[in-house]
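The structure appears below as structure tokens.
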Amino acid sequence: MLRAERTIPRREQVPRHKVAEPSRLAQNGDRYPPYNRPGTVTHPAPVPPAGPRYNPAMAGKLPETIIARFAPSPTGSLHVGGARTALYNWALARQRGGRFILRIEDTDVRRSTPEATRGILRDLAWLGIDWDEGPDADAADPHDLATQRGGRGPYFQSQRQTLYREHLQKLIDTGRAYKCFKTPAELDAQRRQARTEGRPEKYDPTESLNLSREQIAALEAEGRPYVYRFRMPDTDITIADLVLGEVTIRAEELEDFIIFKSSEAGGGPTFHFANVVDDAAMGVTLVLRAQEHLMNTPRHAALFDALDLARPAWAHVPLIFNPDGSKMSKRDKAKAVRAAAKKRLDAEPARGPGPAALAEAAGQPTARVEAFIRGESDDLDTAVALAGCVEVKLPEIDVADFRASGYLPQVLCNYLALLGWNPGGDVERFDTAFIIEHFGIERIGRSNARFDRDKLFRFNADTIAAMAFEPFRDALRAHFEAYRPQLLAKLDGNRFDLFARAYHPRSRTLDEPAELARFLFIEDEQVQYDPKAVAKVLRRNDGEGLSVLRRLEAALSGCDDWSSAALEACVAAFAKEHGLGMGKVAQPLRVAVTGTTVSPGIGDTLELLGRESTLTRLRHCQSACAQPA
RNA sequence: GACCCCUUCGUCUAGCCAGGUCCAGGACGUCAGGUUUUCAUCCUGAAAACACGGGUUCGAAUCCCGUAGGGGUCGCCA
């Protein structure tokens with residue numbers, strides 16, 4: 001029963017931190033992935049009555065029916081900030097029995113890619129965020145109309161052009177949209193001029209507005225490209241934000257903006273226009289998005305008004321930053337690699353031709369690597385290739401990064417929910433069902449937050465510790481299938497179970513076992529003996545450890561039952577017999593078979609390794625680490 | 001620069017709307033001890049904040065005004 005004792009999760013006592021009680025909504029667990037079901041969070045803690053704290057949100061009212069949406073643009077991976085926005089929208093829709101729509105805003109034809117769409121769908125699904133309407137995450141081609149769900153599709157803006165045209169026509173008919181033939185270069189020059197003269201850099205519509213029908217026809221005949229601009233009202237615009245309260249922008253701050261791009265830019269609606277038209281067409285009642293959109297909102301409000309459509313409720317959530325206060329972006333990966341590469345080059349100026357050697361090691365053109373290191377390029381592929389050579393771990397930025405690093409989806413949701421919102425009181429650990437039950441806009445904060453990886457890491461570690469064995473094993477297997485297939489292949493049959501048992505208590509992420517168990521995946525001859533470990537554990541005191549190994553070899557080869565429990569017992573008996581502490585025996589053995597002082601319990605380590613490898617390594621070690629003459 | 005938003009321990013935050021019970025509570029991190037065959041845990045304890053200045057009040061982290069600082073926006077990107 002030794003094994004049972006050793007393999008129970010680390011946290012036997014009720015944790016110090018308060019953990020939310022599994023919530024009532026959790027009972028219909030089918031909506032969530034297995035690991036997302038309650039039960040992984042078990043210790044009861046009181047949730048204080050969610051006393052609404054003061055919030056100027058009183059300025060706006062949450063709609064009766066929540067029809068929320070998440071509308072990413074498929075120009076990159078799903079960022080944690082985006083994930084949080086999606087989570088908040090989703091939670092509100094689920095809590096109120098509303099609908100949650102996923103709409104892909106691919107109006108930027110140049111930068112949108114199907115791969116990005118696919119990645120976003122995959123990452124949302126992984127987080128346990130599902131949507132009532134939108135593309136199908138499992139479809140061979142999510143763009144395929146037949147696979148999209150919901151009655152108000154299609155859910156790609158590129159597939160809704162007719163609708164935008166119709167609404168544009170309405171604005172033209174009511175005199176709220178007009179053609180503007182100014183080129184970007186002209187506008188830029190005007191802006192610069194205004195700036196040097198100290199005038200406000202506001203677009204002046206008079207010229208375009210005064211164009212006669214004939215003049216317009218002439219310009220078009222010349223083939224001059226034009227955009228459509230929206231005529232802003234000349235009144236102040238107040239928006240009732242659910243998080244920030246009332247925000248008023250004075251009329252003079254407002255300018256006519258482009259709603260339809262020129263043929264040169266690919267035509268079609270701009271974000272502002274498509275966004276508003278679609279929100280209206282899809283019946284969206286709540287627009288909860290990042291605060292960087294706050295200054296767009298007056299434009300959107302004016303557009304709703306001009307189109308005679310009901311404004312949705314707006315809620316602008318604060319932004320998420322790096323611990324150092326900088327904006328969290330993909331560039332951070334390049335920055336981290338650059339810093340490490342520079343350090344490496346500075347440290348070994350004598351060795352090799354520097355950047356060229358690095359480039360070769362990374363399999364990248366030297367010129368590209370040099371440019372990268374000089375900071376002239378932030379190319380992600382170069383960064384990734386280089387990262388392996390300079391031994392730097394890329395910072396996690398996107399949801400996919402955290403997944404690859406072995407974070408649990410429910411933990412990421414938990415942490416993200418907490419970044420900008422809290423249920424009140426001291427409760428910090430909870431599952432998604434709890435979020436659905438308790439989430440509320442009135443408790444969203446109003447100041448920006450910094451992303452604390454340490455805290456997320458601790459949440460993940462504690463959640464893994466609290467998991468029952470089977471869910472942990474299944475999650476670990478799924479992770480290895482996706483990210484460590486070559487290692488998984490070496491863990492046949494119930495050896496994977498044994499592996500999972502041995503590493504469950506020492507895993508803080510699902511990826512840690514892969515790093516920690518290196519010794520398992522190498523050939524017996526490849527074991528590298530850490531000099532410090534050898535000196536301390538084997539050679540010290542006149543080779544005390546080595547002599548233990550000699551005697552241990554005999555004892556172990558006589559062990560018939562090569563199971564963790566029997567091995568543990570065997571080693572313990574040996575220690576007792578020789579009047580040694582367990583450490584005096586287990587440590588030399590550990591160094592002998594792993595090359596380091598770190599591994600799972602000695603019984604697990606030996607069983608995992610197998611009899612043959614253990615004995616081979618034991619002999620090999622004795623000759624390799626013999627006391628120097 | 002203009003406009004808008006924000007401001008409690010290093011970080012995320014509770015408390016603020018209904019001022020006293022707050023010499024400000026929790027979490028992560030940090031530090032000091034302890035448990036443990038390594039690792040990872042676990043246990044005990046500690047340091048650590050109301051940005052500043054005015055007001056209102058018997059009393060202000062809480063209400064008002066100002067200052068400073070941080071952030072966002074100012075694209076035919078979203």
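Chain identifiers are assigned alphabetically (A, B, ...) following the order of the sequence lines, protein sequences preceding nucleic acid strands; residue numbering begins at 1 within each chain.
Distance from the side chain of Glu428(A) is smallest to A27(B) among C5(B), A27(B), C28(B). Nearest to the side-chain atoms of Leu419(A) among the listed nucleotides C12(B), C3(B), U38(B) stands C12(B). Here the side chain of Glu568(A) is nearest to one of A27(B), C42(B), U37(B), namely U37(B). Considering only side-chain atoms of Lys455(A), the nucleotide from A78(B), A27(B), C3(B) that sits closest is A27(B). Residue Ala449(A) has its side chain nearest to C12(B) when only C76(B), C12(B), C3(B) are considered. Checking C76(B), A2(B), C5(B) against the side-chain heavy atoms of Val247(A) singles out C5(B) as nearest. With distances taken from any side-chain atom of Asp452(A) to the nucleotides G10(B), C6(B), C3(B), the minimum falls on G10(B). Of all nucleotides listed (U37(B), A78(B), A27(B)), A78(B) comes nearest to the side chain of Glu105(A).
Rounded to the nearest Å, the gap between the C1' atom of C50(B) and that of C22(B) is 10 Å. With P as the reference atom, C3(B) and G10(B) are 32 Å apart, rounded to whole Å. Comparing the C1' positions of U56(B) and C74(B) gives an interatomic distance of 39 Å, to the nearest angstrom. If you take atom P in U41(B) and the same atom in G29(B), they sit 9 Å apart, rounded to whole Å. Rounded to the nearest Å, the gap between the P atom of U13(B) and that of A32(B) is 29 Å. For the P atoms, the distance linking U36(B) with C43(B) amounts to 16 Å, nearest Å. As rounded to the nearest Å, G54(B) and G15(B) have P atoms that lie 28 Å from one another. Taking atom C1' on both U7(B) and A18(B), the two are 23 Å apart, rounded to the nearest angstrom.
Between the base of C6(B) and the side chain of Arg446(A) there is no donor-acceptor pair shorter than 3.5 Å. With hydrogens and angles ignored, no donor-acceptor pair under 3.5 angstrom links the side chain of Ser599(A) to the base of C39(B). If you check distances only, the side chain of Arg590(A) does reach the base of U37(B) with a donor-acceptor pair under 3.5 Å. Judged by distance alone with a 3.5 Å cut-off, no donor-acceptor contact links the side chain of Arg508(A) to the base of U41(B).
Nucleotide C3(B) forms a Watson-Crick or G-U wobble pair with G72(B), both donor-acceptor distances falling under 3.5 Å. Pairing for A60(B) is absent, with no Watson-Crick or G-U wobble pair whose two atom distances lie under 3.5 Å. With a cut-off of 3.5 Å on both Watson-Crick or G-U wobble distances, the partner of G66(B) is given as C52(B). Within the shown strands, nothing qualifies as a pairing partner of U38(B) under the Watson-Crick or G-U definition with both distances less than 3.5 Å. A24(B) is unpaired under the criterion used here, namely a Watson-Crick or G-U wobble arrangement in which both key atom distances are under 3.5 Å. Judged by Watson-Crick or G-U wobble contacts below 3.5 Å, the nucleotide U30(B) has A46(B) as its partner.
To the nearest 0.5 Å, atom CG of residue Leu567(A) and atom CZ of residue Phe574(A) are 14.0 Å apart. Atoms CZ and CD, from Arg501(A) and Glu607(A) in turn, are 10.5 Å apart once rounded to the nearest 0.5 Å. Between atom OG1 of residue Thr605(A) and atom CD1 of residue Ile602(A) there is a gap of 5.0 Å, rounded to the nearest 0.5 Å. The CZ atom of Phe230(A) lies 11.5 Å from the CG atom of Leu168(A); values are rounded to the nearest 0.5 Å.
At a cut-off of 3.5 Å, with distance as the only test, no side-chain donor of Asp431(A) or Asn414(A) sits close to an acceptor on the other residue. Residues Asp278(A) and Tyr164(A) have side chains that bring a donor and an acceptor to within less than 3.5 angstrom of each other. One side chain, Thr297(A) or Arg289(A), offers a donor N or O that lies under 3.5 Å from an acceptor on the other. Under the 3.5 Å distance criterion, with hydrogens and angles disregarded, a donor-acceptor pair is assigned to the side chains of Ser405(A) and Glu396(A). Inspection of the His293(A) and His316(A) side chains reveals no N or O donor paired with an N or O acceptor under 3.5 Å.
Contacts of His316(A) with the nucleic acid, taken as non-hydrogen atoms under 4.0 Å apart, are absent. Counting non-hydrogen atoms under 4.0 angstrom, Pro184(A) reaches a base of the nucleic acid. Here Pro72(A) lies out of heavy-atom contact (under 4.0 Å) with every strand. Counting non-hydrogen atoms under 4.0 angstrom, Thr75(A) reaches nothing in the nucleic acid.
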Contact string for nucleotides 64-74 of chain B, one letter per nucleotide 5' to 3', B = base within protein heavy-atom range under 4.0 Å, S = sugar-phosphate only, - = neither, reads -------SBS-

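The distance between atom CG of Leu418(A) and atom C1' of A14(B), rounded to the nearest whole Å, is 11 Å. Residue Asn322(A) contributes atom CG, which lies 12 Å from atom P of C12(B) at whole-angstrom precision. Counting to the nearest Å, the C1' atom of U38(B) and the CZ atom of Arg540(A) are 14 Å from each other. Put simply, CG on Asn414(A) is 11 Å from C1' on A27(B), counting in whole angstrom units. Between the NZ atom of Lys202(A) and the C1' atom of G75(B) there is a distance of 18 Å, given to the nearest Å. The CD1 atom of Ile258(A) sits 5 Å away from the C1' atom of C76(B) (whole-angstrom rounding). Nucleotide A14(B) holds its P atom 11 Å from the CG atom of Asp426(A), rounded to whole Å. The CG-P distance, from Leu244(A) to C3(B), rounds to 18 Å in whole Å.
Under a 4.0 Å N-O distance rule, the pair Arg506(A)/Glu512(A) does not qualify as a salt bridge.
Taking only side-chain nitrogens and oxygens, Arg250(A) comes nearer than 4.0 Å to OP1 or OP2 of C4(B). At C39(B), none of the side-chain N or O atoms of Arg518(A) fall inside 4.0 Å of OP1 or OP2 (strictly under the cut-off). Arg429(A) has a side-chain polar atom (N or O) that falls below the 4.0 Å cut-off from OP1 or OP2 of C28(B). For Arg458(A), a side-chain nitrogen or oxygen approaches OP1 or OP2 of G29(B) to under 4.0 Å. Of the side-chain N and O atoms in Lys261(A), none sit less than 4.0 angstrom from OP1 or OP2 of G75(B).
A cation-pi arrangement, defined by a distance under 6.0 Å to the six-membered ring centre and an angle within 45 degrees of its axis, is absent between Arg229(A) and Tyr178(A).
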